[in-house]
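So the structure is just underneath, and the comments pick up after that.
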Amino acid sequence: MTQIEQITGTGISLRGNDIDTDRIIPARFLKCVTFDGLGEQVFADDRAALEGSHPFDQPQYQSATILVVNRNFGCGSSREHAPQAIARWGIKAVLGESFAEIFFGNCVAIGIPCLTGTSEVVGQVQAALEADPTAAITLDLVSQTVQFGARTETVAMPEGVRQAFLAGTWDACGQLVANAEAIRATAAQLPYVAW
């Protein structure tokens with residue numbers, strides 16, 4: 001089980017409210033058997049429409065690991081491909097004004113912390129990243145802060161989810177593997193398993 005307390009890296013600003021999961025990964029890419037290759041297709045239609053000027057196409061953001069978004073990010077359909085595509089592009093955490101509930105849950109399931117900040121804080125972080133794409137940004141789950149440049153601002157995450165990241169219990173599959181022997185022992189005592 002992997003504990004996640006802090007994520008530090010460069011960031012990428014993606015401005016706009018209500019960016020839905022179909023924009024994150026268009027439906028035609030949902031036919032894949034695995035999630036391999038989805039990273040290259042993240043924001044495919046938006047990127048094609050902007051002909052190279054989309055932030056995910058800009059060379060200065062290619063090593064970014066923290067995505068900074070606005071309000072209601074990940075709304076729309078419940079496709080788990082959306083956070084998978086973002087993760088496979090290289091994103092390890094997301095800071096935003098708010099997230100669609102299912103998108104948020106899908107991110108938690110694969111270990112991507114989604115923290116929220118006020119529109120003012122998010123806007124300041126976005127402006128800082130756009131002014132200096134090489135600047136480091138740190139999201140700290142312990143102190144619930146974002147640090148960028150010389151500034152530190154308060155961000156938030158639901159307490160239960162925050163504790164799951166800090167304890168490493170966010171990974172349901174990891175918990176099953178770590179407790180495989182106890183699961184086998186319990187299953188052996190269940191009368192209906194031996195039928």
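A 4.5 Å side-chain heavy-atom check between Trp89 and Phe56 finds at least one atom pair inside the cut-off. Side-chain contact between Ile91 and Thr65: absent, with no pair of heavy atoms (C-beta onward) separated by less than 4.5 Å. Residues Thr118 and Val155 have side chains not in contact (no heavy-atom distance under 4.5 Å, counting atoms from C-beta outward). The closest side-chain heavy-atom distance from Glu130 to Arg15 is below 4.5 Å. Trp170 places a side-chain heavy atom less than 4.5 Å from the side chain of Ile4. Contact of the Val94 side chain with the Leu115 side chain is not registered, since no non-hydrogen atoms from C-beta on lie closer than 4.5 Å. Contact annotation: the side chain of Thr2 never approaches that of Asp171 to less than 4.5 Å [non-hydrogen atoms, C-beta and beyond]. In this structure the side chain of Thr8 never reaches within 4.5 angstrom of the side chain of Ile66, judged on heavy atoms.
Residue Asn106 comes nearest to Pro83 through the heavy atom pair CB-CG, 3.5 Å, listed as atom of the first residue, atom of the second, then distance. Here the closest non-hydrogen pair linking Ile102 and Ser78 is CG2-CB, 3.4 Å. Nearest heavy-atom pair across Ala85 and Leu38 is CB-O, 3.7 Å. Contact detail for Leu14 and Gln126: the closest heavy-atom pair is O-NE2, 3.6 Å. Nearest heavy atoms, Pro133 versus Tyr61: CB-CE2, 3.7 Å. Here the closest heavy-atom approach between residue Thr10 and residue Ser63 is recorded as OG1-O, 3.4 Å.
Few gaps surround CZ on Arg47; more than 12 heavy atoms of other groups in view lie less than 6.0 Å from it. Counting non-hydrogen atoms of other residues, nucleotides and ligands closer than 6.0 Å to CD of Glu101 gives a total of 12 or fewer.
With no hydrogens or angles considered, no side-chain donor-acceptor pair links Thr152 and Gln147 at under 3.5 Å.
A donor-acceptor contact shorter than 3.5 Å links the side chain of Gln62 to the backbone of Gln58. Proximity of a side-chain donor or acceptor of Thr21 to a complementary backbone N or O of Ser77 within less than 3.5 Å is detected. Formation of a donor-acceptor pair under 3.5 Å by the Asn70 side chain with backbone atoms of Gly16 is found in this model. Between the side chain of Ser98 and the backbone N or O of Asn72 there is at least one donor-acceptor pair closer than 3.5 Å.
Sorted by first then second residue, the salt bridge (Lys or Arg N to Asp or Glu O under 4.0 Å) pairs that include residues 133-160, not counting sequence neighbours, are Arg151-Glu153, Glu159-Arg162. Screening residues 79-90 for salt bridge (Lys or Arg N to Asp or Glu O under 4.0 Å) gives Asp22-Arg79, Asp36-Arg88 as the qualifying pairs, with residues at least two apart or on separate chains. Residue pairs meeting the ring pair (Phe, Tyr, Trp, His ring centres under 6.0 Å) criterion with at least one member in residues 97-123, sequence neighbours excluded, are Phe73-Phe103.
Screening Gln6, Gln3, Met157 for a side chain to side chain contact (heavy atoms under 4.5 Å, CB included) involving Leu141 leaves a single residue, Met157.
Val146 and Leu166 fall within a single hydrophobic cluster, where Ile, Leu, Val, Met, Phe, Trp and Tyr side chains are chained together by heavy-atom contacts under 4.5 Å.
Aromatic rings from His81 and Phe35 are positioned such that their centres are separated by under 6.0 Å.
The pair Asp18-Arg23 fails the salt-bridge criterion, with no side-chain N (NZ, NE, NH1 or NH2) lying under 4.0 Å from an Asp/Glu carboxylate O.
Here Ile86 contributes atom CD1 and Phe43 contributes atom CZ; the two are 5.0 Å apart, rounded to the nearest 0.5 Å. Rounding to the nearest 0.5 Å places CD1 of Ile137 at 12.0 Å from CD1 of Ile12. We find the CZ-CG distance between Phe148 and Leu129 to be 8.5 Å, quoted to the nearest 0.5 Å.
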